[in-house]
Every structure is written in structure tokens, then in C-alpha cells.
Amino acid sequence: MTEREAPLWAGRFTKAPAPEAEALSKSLGFDLRMATQDVRASVAHVRGLEDAGLLSEAEANALASALIEVGKDIEAGRMAFRPADEDVHSVVERAVTDRLGALGAKLHAGRSRNDLVVTDLRLWLLDAWARIEGGTRRLARALITHAREHAETVMPGMTHGRLAQPVTLGHHLLAHAWALSRDLDRLRGWAERTSVSPLGAGALATPTLPLDPARSAERLGFRGVFSNSLDAVSDRDFVQEFLAHAAILGTHLSRLAADLIRWSDESIGWAELDEAFSTGSSMMPQKRNPDIAELSRAKVGRLLGDFTALSTVLAGLPLGYHRDLQEDKEPLFDAADTLEATLAALAGCTETIQFRPGVMCAAARADVLYATDVAEALAANGLPFREAHRRIGDLLRRLDEEDRSLRDLSEAEWKEIGLPGGNVLLDPVRAVGARSVPGGPSPGSVRDQADALARILEGLDTLSP
């Protein structure tokens, strides 16, 4: 092996890697996207070497400048890659050495690719988290905006996919927004735990050189520094936790998408998706398909798969760096990309959807939605609820047999039931207004919830991870 062709680790070896081994080992095809973070970490390391007296100020400045130039070349697509370039770390170091010669060879003193890769990964993920959090907040704000507009829009509430009780559209939309608020809270806590610098841990036992990991952490904007060097290079909790939270967030996105699909079904007609977030058919000219919502509904499968893939890699893996850990990046990158794309598309779909309050309110006049209200009215008059439940169930069965409904009951029949003037219980506006418990579907409660959620989102704007 010539020196230029040799991998970074080739000093001990006399043979070049077999082509098959090299093909399996290389990660440059997917980890190059961490080039910006690798440059940042390398510049911080250079300044640490300078602080330790291992580089002069002039040497450190030259290395930092070369690193920044290399980063720009990679970002602009000007970097010429070579067969010996295994990964993003080897590319950056090799390119710096090409520019600076022997000075470039000083760059790696006191560090390992083991602590460098996990530093890069934490930095990359924190950058991605900021974008994902922004997309989640955008979607939550869209739901809150619609909820305020539809605080009084009555619609059927469902359980088991069947008519249950009347609610308001605002109440239903905020149920999705509250779920997103929990996702934001989980991701915020995750970001705080992830903002820990591994740089300085070395391969596993820290270097003997007088480097200051805490100073490097400060330079990189981390909140803290590793407590145990072996844990620092072995830890992928932060990736696994992110993927778990991503799967939960993806589940919430999937459920929202399912509602948008159902509501915009022509046979229901409660809403209409904007043309910009619909597609047509290559054969049927009338079609306006909810493809964006359908894809959003399906993406959770990828996210769950990414979590499972990494969890399988980590299970039973002894402490220390193992090449198995190279398999952490592809599921991570896939999950982050999937979330960013899905959040943006679903937010746009939600922002532009047109609801049809009249159709929803008409559907909310179905008398079976008010059976519980009637039973509760009897209970309020002193009848044990179980007896009230039985009587109304018997009544509904008899009305079905007679092809009648609660709305067909005469005043005399209401009196016989024990509820004179009971027809008022079938009024949709009255029904949701009566549900004024905090967290309920009444217009006032919906507005209070919207205000509370808005304060949560505003509070996130003032916090840093």
C-alpha cells in the first residue's frame, strides 16, 4: 500500500482491504451528510490542541481555515473523493492534509473516530431536531387556528367508528394538537439529554494529552460533557430515544391524516382538501385523491421500522465501540428525513383544508348522539343511572322496530319517560354547551384549550435545549 492509498489505520497492515470487505465497510455514501458537523467538531478539537500547547496559534489558525475550506468544498460538491476515503472523517482529514502536509497530520492527535463520530452524530441530530420541532409547532399552530374558528361548529363524536356523542370540531382538532404538545415536550427533554459532548473520550479511555473536554463542549454549544469515556463512545441511547419519539410523533401524524382522509371522503363531505395537497387519477378524470394525507398516514411504518432496526443492533452489544454502531446512521437519517418531509406536507394540508360546518352540523342532528344526554337527564332527576341506561336502551330498540327516532317522540311520550320537554335535549348547540367541564367540547372550553396550547408553544420559543 502506498501512503496516499492507505486507510487512516493502515500502519499495522501490509495488505490493502479486500474489495468485498472495503465495499461493506465504507459509510461515506451516507455519513457525508455529517460533513458540516465533522468540520465543527474538528475546529473545536484544533482549538483544544492549541489550548494544550500542542499547536501554535499560527498552526491552529491554519488548520481551522483549512477545515472550513474543506467543508465548503464538500458542501459545494467540489470535493474529489478517492478509493481510500472510508467515511466523512477520513475525507475531511485527508483533504486537510492534502492542503497542509505534515501540519494536517497533527489534526487527529488526542482523538479517535470513536469519539468524533458520536460527536458529529449528536450535533447533526440536534440540528435536525430544531427543524423537526419547528415543523411540529407549525402543524400544532394550524390546528389551533382552525380550532378557534370552529369552537362552535358541532360535529358527531365517534367511538369504534360509530356515532357516540356530539362534540365540536375545535375540540376534535385540539385533541390532535394536545398530542403534538406532548411530542414537543418529549423532544425537548430528549434534546437536553442529547446535548452532551463526547469529544475528548478518545477511543474509549481518553488520551494522555492535556486536552480539556469541557472547553470543547462549550465551543460546540453542548450543555454538558461526558461523565464516563467508555459510555461516551458506546452510548447510542440518544439515537434510540430519538427514534422512539419519532415513532410516537409519526403515530400522531398518522392518526391526524386518517381523520383528514375520512372527513374529506365525498360520501361524508365534512371537509375538502386543497388541490395543492391532492392528486388526480391517470384514468379517472373526476378523482381528487388525498394522497398526501395517505402517505402521511403510512410513514409511521418506516419510523417504527427504523426504531426496530437500531434496537436490534444495540441489543446485547458489549460496551466499547464496535463497527455494528455504524448501522445507527441510516435508520436515524431516514427517520429524520421522513419526519421533516411528513410534517411539512401535513402542515400544508392542514393549513389549507376547507371545513364544511353546515354538513357537520347536519350530521350532528342524528338523534342517537343524544341518547346519553337523555339517560343523564333521568339520572339528574334521581333515577339510578343503570336503570336510566336500561330504559333508554329499551326505548331506542322499540323506536327502531317502529322505524321512528327520538325526534319523533310526542310531548306525551316525553312525559311518560319522565322528561317533559325532553325534545330540547336533542339540540346540538345545547348539548355541546352543556359539556363545559375544562377539557370538554363546549365553545368556552375549546377557546381555553387553544389559549393554553398557544402559551405552551410561545414558551418553547423562549427556551433553549
Side-chain angles (χ1 to χ4, degrees), residues 135-159 161-185 249 251-265 268-274 277 290 293 296 343 346-366 368-370 372-373 425-460:
T136 306
R137 284 193 284 177
R138 176 188 169 191
L139 177 56
R141 287 191 172 106
L143 291 166
I144 293 168
T145 298
H146 282 306
R148 291 189 194 279
E149 294 171 357
H150 294 283
E152 299 182 12
T153 299
V154 184
M155 65 178 290
M158 317 289 284
T159 65
R162 301 293 186 270
L163 296 174
Q165 292 178 294
V167 297
T168 48
L169 175 57
H171 185 247
H172 194 125
L173 294 172
L174 290 183
H176 289 296
W178 280 114
L180 295 179
S181 76
R182 295 191 297 275
D183 291 316
L184 289 168
D185 183 61
L249 173 54
T251 301
H252 292 151
L253 301 182
S254 181
R255 297 179 77 182
L256 171 60
D259 275 341
L260 300 185
I261 293 165
R262 179 175 177 274
W263 294 346
S264 60
D265 185 332
I268 296 175
W270 292 357
E272 184 175 11
L273 298 178
D274 191 89
F277 293 93
S296 299
L343 281 165
L346 192 57
C349 189
T350 302
E351 287 166 347
T352 57
I353 193 171
Q354 295 293 316
F355 293 105
R356 294 174 174 168
V359 181
M360 286 185 172
C361 290
R365 289 188 58 79
V368 292
L369 290 166
Y370 305 93
T372 304
D373 295 51
L425 296 172
L426 309 184
D427 176 58
V429 175
R430 183 219 63 83
V432 295
R435 290 170 163 81
S436 56
V437 172
S442 71
S445 176
V446 168
R447 294 187 181 100
D448 288 344
Q449 292 177 56
D451 290 343
L453 281 163
R455 286 192 296 270
I456 290 172
L457 296 183
E458 290 165 6
L460 289 175

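Atom set for the values below is all heavy atoms of this structure, side chains included, hydrogens, waters and symmetry mates excluded.
- By the 4.5 Å heavy-atom criterion applied to side chains, Leu425 and Arg430 are counted as neighbours.
- At a threshold of 4.0 Å, the pair Arg141-Glu458 does not count as salt-bridged, since none of the basic side-chain nitrogens sits closer than that to a carboxylate oxygen.
- Residues Cys349 and Leu273 have side chains in contact (heavy-atom distance under 4.5 Å, counting atoms from C-beta outward).
- Val167 is listed as a side-chain neighbour of Met155, based on a closest heavy-atom distance under 4.5 Å.
- For the residue pair Thr145/Glu149, the side-chain donor-acceptor check at 3.5 Å is not satisfied.
- Here the CG atom belonging to Leu143 is positioned 5.5 Å from the CG atom belonging to Leu256, to the nearest 0.5 angstrom.
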>> Before you tell me yes or no, could you show the steps for His172 and Asp259 under side chain to side chain contact (heavy atoms under 4.5 Å, CB included), namely the whole-Å CA-CA distance, both residues' side-chain angles and the distance that decides it to 0.1 Å?
In response: CA-CA 10 Å; His172 194 125; Asp259 275 341; 2.8 Å; yes
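- Nearest approach of Ser436 to Ser442, heavy atoms of both residues: CA-OG, 3.4 Å.
- Inter-residue side-chain proximity for Leu180 and Asp183 is flagged as met; some heavy-atom pair is nearer than 4.5 Å.
- No option in Thr168, Val446, Leu169 other than Val446 meets the side chain to side chain contact (heavy atoms under 4.5 Å, CB included) test with Leu174.
- His176 NE2 to Leu260 CG: the interatomic distance, rounded to the nearest 0.5 Å, is 7.0 Å.
- Around atom CZ of Arg365, no more than 12 heavy atoms belonging to other residues, nucleotides or ligands sit under 6.0 Å away.
- One distance of note links CG of Leu249 with OG of Ser254; it measures 11.0 Å at 0.5 Å rounding.
- Within the structure, the salt bridge (Lys or Arg N to Asp or Glu O under 4.0 Å) test picks out the following pairs touching residues 346-364 (sequence neighbours left out): Arg138-Glu351, Glu272-Arg356.
- Closest of all the heavy-atom pairs between Pro438 and Ser445 is C-OG, 4.0 Å.
- The line from CZ of Arg137 to CG of Leu453 is 13.5 Å long, rounded to the nearest 0.5 Å.
- Val154 approaches Pro428 most closely through the heavy-atom pair CG1-CB, 3.8 Å.
- At a threshold of 4.5 Å between non-hydrogen side-chain atoms, the residues Met158 and Arg262 count as touching.
- Side-chain contact between Ile456 and Asp185 is absent, with no heavy atoms from C-beta onward closer than 4.5 Å.
- Aromatic ring pairs are classed by plane angle as parallel below 30°, tilted from 30° to 60° and perpendicular above 60°; the pair Trp263 and Trp270 is tilted.
- Contact record, Ala364 with Leu369: O-CD1, 3.5 Å, taken as the closest heavy-atom pair.
- For the pair Arg435/Pro166, a side-chain contact is recorded, criterion being any heavy-atom separation below 4.5 Å from C-beta on.
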> side chain to side chain contact (heavy atoms under 4.5 Å, CB included) between Thr352 and Phe277: does it pass, once the steps are laid out?
Replying inline: CA-CA 8 Å; Thr352 57; Phe277 293 93; 3.5 Å; yes
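- Within the model, atoms CG of Leu173 and NE2 of His146 stand 7.5 Å from one another, a figure rounded to the nearest 0.5 Å.
- Considering OG of Ser296 and CG of Leu343, their distance stands at 8.5 Å, rounded to 0.5 Å.
- Scanning all heavy atoms of the two residues, the minimum distance from Phe355 to Pro357 falls at O-CD, 3.3 Å.
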